[in-house]
Amino acid sequence: MTRRLTQGNEAVFRGAIAAGANYYAGYPISPSTEILNIASGWAAEHPELRFLQAEDEIASANAVIGASLAGAKAFTATSGPGFTLMQEAIGYAQKVGVPSVFVDVQRVGPSTGMATMPAQGDIGQVKWGSAGDYTPIAFYPNSVEEAFRLTIDAFNAAEESRSPVILLSDTFIAHLNEVVDLDELVASIEVVPRAIPALGDFTDAPRFFAGVLMYEHGPMAGEPATADADEYLRQFYAAKHRHLEVAARYARYEHGWNVEADVLLICFGIVSRVAAPLRDEFALFRPIRIHPVLGDELREVCARYREVVVVEANDGQYADMVELAIHRQVKRVPLLGGRISLEAVREGVDRVLGGGPSEPPIPETPHERGPRATLGVG
Amino acid sequence: MPEQAMAEMTYKDRLKVDLFPTIWCPGCGIGTIMMQLAMTLDELGLDERNTIIVTGIGCTGRMGGYLKHEAVYTLHGRTLPVAEAIKTVRPEMNVIVVAGDGDTASIGGNHLVHSIRRNAPVTVLCNNNEIYGLTGGQTGPTTPTGTKTLSSPAGNPNTPINLQAIVRSSPHALYAKTTVYHQIHMRNAIREAIEWPGFSFVDITSQCIENNGRRIGFDSANDMLTFFRKTYKRAPKDADHLAPFEIGIVYPADHPSRNGHVSAPAATAAPDTQVEPAGSIPSRTDPEPKAAPPTDDEKARRRAESVARAALMAKLPADMKLRVARREISLEDAMREAGVDPE
Ligand SMILES: Cc1ncc(C[n+]2csc(CCOP(=O)(O)OP(=O)(O)O)c2C)c(N)n1
Ligand code: SF4
Ligand SMILES: [Mg+2]
């Protein structure tokens, strides 16, 4: 037993190793950088982990794809701007069916935004960031231990669904230090083996991994299917059904706090921790599998409450998805600009429950200089 | 049948001939490159168990679908990160990238620079048709100054990118320039590149007759080939730099000994590419044309040898495999050092 103070980012890395990861590619960006640093140190001592500090996130994402096709369990970690650069590759991995894990440690955007401040602004990007239709699976922990467990789930679900699975995190979860015993957890986990034969180890005929639509079976196998809607339907729904089936096995959420209360707070990641002191007053629904949205679970739980308030560190991205799922209006508390505090949650929840707008009062521009922000690490 | 003619035929085993004719326009240069690649793979005894093809987007990228190899048809411009990672995970594989000029040097330009910096042990065959073929004929990074294209109707105002300078920014990378007309030279270049332990790049001038050639005044693909024949000349022996319109293979100064994946047997290896002493030796251009092509028996022997070699390499720890692939250590020494039993 080794109970040890462990950082969220470190737990993600250790989870990846526990799940059998043996390839990491990345490019430094706060607040994910520790994962890259730890990976490089680990690789120096454990050569079975191959490590690449890539020239950019486009390269990281494509290297993860190459490594996975070559037989490795591969992953990368980044933050919003890097995640944006990875989107084309994520779409490719969705199309081709490349098991892989992408960690997105969210910070305030858009663009370079507020590099060291926490946010949850990539909920939509995970779902819709790449071109076309696809069915991503994504998890979001709210503790160091859960970061470890969900990273393993992400690797397992990636193999089962043969798709890029996203692990969301945020500045706070990434840098949270909690005492955990990861060694003890390792003993109880199950690791799913590789889903597809590595390049060169094909069973029937050599394969062609293509981002363009190709006939995979039948008399046209090997020819482009780039003008055939029937073939598109066959391949699209095969992937969608596979992903939904796997996602159903990971329908993780938490329904708790004061379940007898008449107002339900929906929050996830760090916000669910920050709001926890309100436990006597409200019930909590915390989606852990963020995508696909937990439709049945949300409908069932939300029906039991007079009001549903979605508190999230973005301008209503998950709230939109909840409304679509439960066919009912929710109240929204956006925590923007990195201001994720109990006071901000309290103030916002009181405001919207009192009939006020979800938009917070906008402070005036100050007339005098205040303290300068530190440079931070971008 | 004479031995030589028989030997020439077996390269078709590398191709999915059942999918022919290809989608390329009649007279396109890509087919010639594919044929020379297939012949080289065949000659070297490389097959679908030990050689992975990675292609980019563009007319050129379609080649992965016609080679009887495991192939990854990547996103536009992303061949190199994919290829480099494949090689890192499976150093016992040969990884060959085939991509167009736009894919390699424009959208993929940053990856090119950095794979070269890292001396990624992969081979790039760049189908340099000086145009964006697939999208209908827009200016590309290697389009000559003044050429009229769909996107530069008044003539390309810019200087084309200098691929030789980029590749040779690394002291470890091999650069070869050849054309679709000079087929034997092309095959030599491809072979030398595949056998090169570090990054290697074959810049192949070729013709896009439909979306470039005709618009700039050529009547046929044959006209373009004649132009290549007349304008491109072999670089002088021992040149360490290729002038414009010179073809040749430029080896880096630190040309290491050839204890490679498939060691070229003495009978076919060119005299000036044999084992070199360690240390700094001058750069040189390409070897003389080869002697007679290997017989089928010889190819079968090489194939068995390369398969056996890959199987032995697979037993090594990951980091050692990569050192063997980079020829920093011989396979035999690596097995000994790692304490791996060859049986
Ligand atoms: C991200 C992206 N941008 C643009 C395209 C469209 N596109 C397809 S091929 C191509 C250019 C191909 O030129 P080149 O690489 O020289 O290949 P060629 O067709 O000449 O063989 C472009 C711009 C694309 N597929 N993806
Ligand atoms: S458009 Fe040009 S490059 Fe493409 S197949 Fe036709 S001739 Fe070849
Ligand atoms: Mg081109």
Side-chain angles (χ1 to χ4, degrees), chain A residues 22-25 43-44 46-74 76 87-93 95-96 98 100 130 197-202 205-212 214-215 220-224 226, chain B residues 14 16 18-19 23 47-55 57 61-62 64-95 107-108 110-115 117-118 120 122 310 314 317-323:
Chain A
N22 50 3
Y23 187 92
Y24 180 88
H46 305 82
E48 62 279 10
L49 176 73
R50 314 305 301 165
F51 170 86
L52 174 72
Q53 182 180 331
E55 55 272 27
D56 57 30
E57 289 88 345
I58 301 177
S60 311
N62 284 282
V64 161
I65 288 168
S68 171
L69 292 176
K73 284 198 175 181
T76 182
Q87 289 302 328
E88 192 195 17
I90 288 172
Y92 178 91
K95 158 67 185 73
V96 170
V98 184
S100 45
S130 199
L199 280 168
D201 296 346
F202 59 91
R207 294 157 297 171
F208 185 47
F209 297 95
V212 296
M214 303 286 293
Y215 291 103
M220 294 288 281
E223 297 280 357
T226 41
Chain B
R14 304 286 97 237
K16 295 178 184 161
D18 51 317
L19 295 180
I23 47 124
D47 69 10
E48 63 275 19
R49 290 288 175 195
N50 61 18
T51 303
I52 309 297
I53 307 292
V54 180
T55 68
I57 296 291
R62 288 293 170 109
Y66 296 118
L67 288 162
K68 215 181 271 173
H69 282 256
E70 299 257 270
V72 187
Y73 188 14
T74 67
L75 289 165
H76 193 27
R78 314 303 167 202
T79 55
L80 277 167
V82 173
E84 194 174 333
I86 293 170
K87 183 72 181 180
T88 305
V89 175
R90 305 209 65 186
E92 65 273 33
M93 298 281 166
N94 298 286
V95 182
I107 191 166
N110 196 35
H111 305 311
L112 177 65
V113 169
H114 290 279
S115 285
R117 172 174 64 85
R118 292 188 291 261
V122 300
D319 53 333
M320 276 230 163
K321 275 197 264 192
L322 200 59
R323 285 175 61 207

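Only heavy atoms go into these numbers, but all of them, side chains included; no hydrogens, no water, no symmetry mates.
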K.L.:
Using the side chain to side chain contact (heavy atoms under 4.5 Å, CB included) criterion, which residues pair with Val113(B)? Sequence neighbours excluded.
P.N.:
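Listed in chain order: Ile166(B).
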K.L.:
Quick check with a 6.0 Å cut-off and a 45 degree axis cone: is Arg49(B) positioned over the face of Phe202(A)'s six-membered ring?
P.N.:
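Yes, Arg49(B) lies over the aromatic ring of Phe202(A).
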K.L.:
Using the side chain to side chain contact (heavy atoms under 4.5 Å, CB included) criterion, which residues pair with Asn110(B)? Sequence neighbours excluded.
P.N.:
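Asn110(B) satisfies side chain to side chain contact (heavy atoms under 4.5 Å, CB included) with Glu55(A), Asp56(A), His114(B) only.
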K.L.:
Got a second to check how far His69(B)'s NE2 is from Arg207(A)'s CZ, nearest 0.5 Å?
P.N.:
14.0 Å
K.L.:
Do the side chains of Glu70(B) and Phe208(A) get nearer than 4.5 Å, heavy atoms only?
P.N.:
no
K.L.:
Can you tell which of Val64(A), Val96(A), Asn62(A) has the highest number of heavy-atom pairs within less than 4.5 Å of chain B?
P.N.:
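Most pairs with chain B among the choices: Asn62(A).
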K.L.:
Given a strict heavy-atom distance threshold of 4.5 Å, which part of Leu67(B) is in contact with chain A: side chain, backbone, both, or neither?
P.N.:
neither
K.L.:
Nearest 0.5 angstrom please: Asn22(A) CG to Thr88(B) OG1, how far?
P.N.:
11.5 Å
K.L.:
Would you mind telling me which of Val212(A), Asp201(A), Ile65(A) has the largest number of heavy-atom pairs within less than 4.5 Å of chain B?
P.N.:
Asp201(A)
K.L.:
Examine whether an atom of His111(B) lies under 4.5 Å from a heavy atom of chain A, and if so say whether it belongs to the side chain, the backbone or both; otherwise answer neither.
P.N.:
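When you check distances to chain A, atoms from both the backbone and side chain of His111(B) fall under 4.5 Å.
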K.L.:
Given heavy-atom pairs under 4.5 angstrom as the criterion, report whether the side chain, backbone, both or neither of Ala210(A) touches chain B.
P.N.:
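For Ala210(A), backbone and side chain are both near chain B.
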K.L.:
What part of Ala205(A) lies closer than 4.5 angstrom to a heavy atom of chain B: side chain, backbone, both or neither?
P.N.:
backbone
K.L.:
Of all heavy-atom pairs between Ala221(A) and Leu19(B), which one has the smallest distance, and what is that distance?
P.N.:
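Where Ala221(A) meets Leu19(B) most closely, the heavy atoms are O-CD2, 4.1 Å.
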K.L.:
Can you name the closest pair of heavy atoms from Ala70(A) and Arg90(B) and give their distance?
P.N.:
O-CD, 3.1 Å
K.L.:
Do you know the tightest heavy-atom contact between Asp319(B) and Pro47(A)?
P.N.:
CG-CB, 3.4 Å
K.L.:
Name the region of Ala198(A), side chain, backbone, both or neither, that has any atom closer than 4.5 Å to a heavy atom of chain B.
P.N.:
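The answer is both parts of Ala198(A).
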K.L.:
State, to 0.1 Å, how close Ala318(B) and Glu48(A) come at their nearest heavy-atom pair, and which atoms those are.
P.N.:
CB-CA, 4.4 Å
K.L.:
Can you name the closest pair of heavy atoms from Ala85(B) and Tyr23(A) and give their distance?
P.N.:
CB-OH, 3.6 Å
K.L.:
Tell me the closest heavy-atom pair linking Arg118(B) and Gln53(A), and the distance in Å.
P.N.:
NH1-O, 3.8 Å
K.L.:
Looking at Leu75(B), Val89(B), Val72(B), which has the largest count of heavy-atom pairs under 4.5 Å with chain A?
P.N.:
Leu75(B)
K.L.:
Side chains of Leu52(A) and Glu84(B): does their closest heavy-atom pair fall under 4.5 Å?
P.N.:
yes
K.L.:
Nearest 0.5 angstrom please: Leu199(A) CG to Ile86(B) CD1, how far?
P.N.:
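Interatomic distance, Leu199(A) CG to Ile86(B) CD1, rounded to 0.5 Å: 5.0 Å.
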